[in-house]
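What follows is a short report on a single structure.
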Amino acid sequence: PLPRIKICAVLKARGAVEKSLRREMQFSALRKELGVSDPTLSKHLGVLEKAGYVDRFREYGATRAKDTVWVTLNARGLSAFDSHIAALRELAGEEL
């Protein structure tokens, strides 16, 4: 679905990709950029995580409200995203 493609696109555009210099993006920044609610983003990240495309980890604060969740598009997710975009471009008749 489109929200999952957007998640991967934002993570890639912001450099939150495995083995890049800046490899994580805060959940809250991703949520804000996508304009979705916490539960909506969590749901889609759960699907992407289960598919093996993204990694999440929680940095614990003094309270749960102060925890920070970080998200990364991993190598498998980047490959799948790039392949999906290439297939969409081919369907649209665009040159790669």
Worksheet, complete the sentence: The reported gap from CG in D38 to CG in L45 (rounded to nearest 0.5 angstrom) is 10.5 Å
Worksheet item: What's the spacing between L41 CG and L30 CG if we round to 0.5 Å?
Response: 5.0 Å
Worksheet item: Are E33 and M25 side-chain neighbours, meaning at least one heavy-atom pair lies under 4.5 Å?
Response: yes
Practice prompt. Report the hydrophobic cluster partners of F57, with the cluster defined as I, L, V, M, F, W, Y residues connected by side-chain heavy atoms closer than 4.5 angstrom, directly or transitively.
Written response: W70
Item to complete: Would you give the length of the straight line joining atom CD of E24 to atom CD of E18, rounded to the nearest 0.5 angstrom?
Response: 10.5 Å
Worksheet item: Looking at residues at least two apart in the chain, or sitting in another chain, which of them share a side chain to side chain donor-acceptor pair (under 3.5 Å) with T68?
Response: none
Worksheet item: Counting only N and O atoms by type, is there a donor-acceptor contact under 3.5 Å from the side chain of S83 to the main-chain atoms of S79?
Response: yes
Worksheet item: Are side-chain heavy atoms of C8 and L48 found at a separation under 4.5 Å?
Response: yes
Worksheet item: From L88 CG over to I5 CD1, what is the distance, rounded to the nearest 0.5 angstrom?
Response: 6.0 Å
Discussion item. Testing the basics here: between V10 and L34, what is the closest heavy-atom pair and its distance to 0.1 Å?
Written reply: CG2-CD2, 3.8 Å
Worksheet item: If we only count heavy atoms from C-beta on, is the F81 to L11 side-chain gap below 4.5 Å?
Response: no
Discussion item. Within this structure, what is the CZ-CZ distance for the pair F27 and R58, rounded to the nearest 0.5 Å?
Written reply: 9.0 Å
Practice prompt. List in chain and number order the residues that pass side chain to side chain donor-acceptor pair (under 3.5 Å) with T63, two or more places apart in sequence or in another chain; answer none if no residue qualifies.
Written response: none
